[in-house]
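Okay, structure first, notes after.
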Amino acid sequence: MKIVTIIGSGLIGRSWAMVFASGGCTVKIYDNQPGQAANAIVEIRKQLEELEEAHMLRGELSAMKQLALLSSYDDLAQALEGAFFVQECVFEQLEVKQNVFQDIERLVGKNVILSSSTSCLVPSNVFSKVQNRTRCLVSHPVNPPYYVKLVELVPHPETAEDTMDTTHALMTKVGQAPVRLRKEIDGFALNRVQAAIIAESWRLVQDGIISVKDIDLVMSEGLGMRYAFIGPMETMHLNAPEGLEDYMKRYGEGIQRVLNSFGPVPEFCGEGARSVVNEMCELIPKDQQHLSARRERRDQLLMGLAELKKDR
């Protein structure tokens, strides 16, 4: 049975551990804070049992069998022993990640794949201190990875094609939905698309065009209804009698006109942002009780959507 090592036992590390265990992998969890990796397994046990009770557990193994695939380590060398794939999930700080991968490389064989969960650092920076960069890539999950299956595979300029192929196969095997970027770019694909949506949504609210509540409805009850199953390219392809080229002949000029009307990148902090933030907090107060309740609701809805998409 193939061994995957998780570096870091926070939210993303725990989620990755659950994903890999659901696919039958042996998972070794490491954290440099003594006892944290063991605590992570306690938390994972609770989550797996709750998922099993709700009939939402991923994979073919029972919660107890998945739990038996997990082990915790405070010693990095022991955690890496036997691993063929390493998924790093430490703080989103460049120097921390660089040093972690430098330490890992000293302890693993030349064919072990080194993968980072970073959401905003490009591979050429993350792996700059690694000697053999052909086996390095970013595998960027979407939070929470257990319920949202997309994984962006982003290569270093020196990443070997075999590294991408092996990672793609692994992610597919454990039930994720991997997409390949052909080269690195700031923000990858998902965050660039998300940033465009955030910027225009923010502008529309800030300029008094629409409320926070209603711009969220534009997505959740409008665009999001179809984007949960088909993306923007297929949506356009299906929305004209003769496909994508026909769509752009009909609507391309209008799209360009709207794009040219977009304002500058908005300020997301400070006084200029205060009205947007206040409006959001009126809908959902920022105290932990309200935020935790909404996060739980989000995860429940995502579980239901994931179940619905299973047989599509």
Side-chain angles (χ1 to χ4, degrees), residues 11-12 15 91-94 117-122 125 138 140-145 147-152 154 177 179 181 184-236 239 247-248 251-302 305:
L11 176 62
I12 298 301
S15 295
F91 297 116
E92 199 75 341
Q93 295 176 4
L94 180 58
S117 298
T118 182
S119 61
C120 65
L121 303 171
V122 293
N125 289 334
V138 165
H140 171 226
V142 184
N143 190 31
Y147 309 124
V148 184
K149 296 183 178 183
L150 184 81
V151 183
E152 294 182 288
V154 188
V179 295
L181 273 66
E184 67 178 26
I185 185 171
D186 189 18
F188 313 147
L190 184 141
N191 281 332
R192 291 180 74 89
V193 173
Q194 180 172 249
I197 293 169
I198 288 170
E200 184 55 18
S201 299
W202 197 278
R203 277 191 295 261
L204 289 170
V205 174
Q206 200 166 49
D207 292 348
I209 307 297
I210 195 169
S211 68
V212 166
K213 179 180 179 181
D214 283 351
I215 195 62
D216 274 0
L217 286 172
V218 166
M219 181 60 69
S220 64
E221 298 297 332
L223 294 174
M225 290 293 288
R226 55 193 179 197
Y227 286 176
F229 296 93
I230 60 173
M233 305 304 284
E234 185 177 350
T235 295
M236 292 185 290
N239 278 0
Y247 182 93
M248 283 308 180
Y251 307 113
E253 187 177 333
I255 293 171
Q256 286 182 316
R257 186 187 70 250
V258 171
L259 287 171
N260 287 329
S261 74
F262 281 13
V265 176
E267 293 290 333
F268 296 118
C269 298
E271 284 306 308
R274 182 56 51 198
S275 62
V276 181
V277 172
N278 288 344
E279 193 175 338
M280 184 73 254
C281 290
E282 285 177 14
L283 292 170
I284 304 171
K286 62 181 180 179
D287 62 273
Q288 287 307 306
Q289 181 179 353
H290 284 90
L291 290 177
S292 294
R294 293 298 286 190
R295 289 178 186 128
E296 186 175 343
R297 173 181 178 271
R298 174 201 65 190
D299 290 351
Q300 291 293 325
L301 291 171
L302 287 172
L305 182 59

Q: May I ask you to test the Arg226-Glu234 pair for a side-chain heavy-atom distance under 4.5 Å?
A: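 With C-beta onward as the side chain, the pair stays apart.
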**Q.** Met248 side chain near Ile255 side chain, heavy-atom distance below 4.5 Å
**A.**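 In contact.
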Q | side chain to side chain donor-acceptor pair (under 3.5 Å) partners for Gln206, two or more places apart | A |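 Expected list: none.
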Q. Are any side-chain N or O atoms of Asp207 and backbone N or O atoms of Ile209, one a donor and one an acceptor, separated by less than 3.5 Å?
A.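 Checked: no pair found.
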Q: Could you list all the side-chain hydrogen bond (donor to acceptor under 3.5 Å, both in side chains) pairs where at least one residue sits in residues 187-199, not counting sequence neighbours?
A: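 Pairs touching residues 187-199 that pass the test: Asn191-Gln194.
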Q: Return the set of residues passing salt bridge (Lys or Arg N to Asp or Glu O under 4.0 Å) with Glu92 (not counting sequence neighbours), or none when no residue passes.
A: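 For Glu92 the salt bridge (Lys or Arg N to Asp or Glu O under 4.0 Å) partners, ignoring immediate neighbours, are Lys97.
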**Q.** Partner residues of Arg203 under the salt bridge (Lys or Arg N to Asp or Glu O under 4.0 Å) criterion, sequence neighbours left out
**A.**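 Checked Arg203 against salt bridge (Lys or Arg N to Asp or Glu O under 4.0 Å); matches are Glu200.
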Return a table of donor-acceptor pairs under 3.5 angstrom between the side chains of residues 214-225 and protein atoms on other chains or two or more places apart.
residue: Ser220; atom: OG; partner: Asp216; partner atom: O; Å: 3.1

Q: Give the minimum heavy-atom separation between Cys120 and Asp186, together with the two atoms involved.
A: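 Distance-wise, the nearest heavy atoms are O-OD1, 4.0 Å.
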**Q.** Counterpart residues, ring pair (Phe, Tyr, Trp, His ring centres under 6.0 Å), relative to Phe188 (two or more places apart)
**A.**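 Checked Phe188 against ring pair (Phe, Tyr, Trp, His ring centres under 6.0 Å); matches are His140.
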Output a table of donor-acceptor pairs, distance under 3.5 Å, between side-chain atoms of residues 262-286 and any protein atom two or more places apart or on a different chain; print 'none' if there are none.
residue: Asn278; atom: ND2; partner: Arg274; partner atom: O; Å: 3.4
residue: Glu279; atom: OE2; partner: Val212; partner atom: N; Å: 2.8

Q.
Set out, in order, the CA-CA distance, both residues' side-chain angles and the distance that settles side-chain contact (heavy atoms from CB on, under 4.5 Å) for Ile210 and Val205, then state yes or no.
A. CA-CA 5 Å; Ile210 195 169; Val205 174; 4.3 Å; yes
Q: Nearest 0.5 Å please: distance from the CG atom of Leu190 over to the OG atom of Ser119.
A: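 One finds 10.0 Å between CG of Leu190 and OG of Ser119.
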Under the rule for side-chain contact (heavy atoms from CB on, under 4.5 Å), what residues qualify as partners of [X], not counting sequence neighbours?
X      : value
Ala189 : Glu152, Leu181
Gln256 : none
Val193 : Ile197
Arg297 : Arg294, Leu301

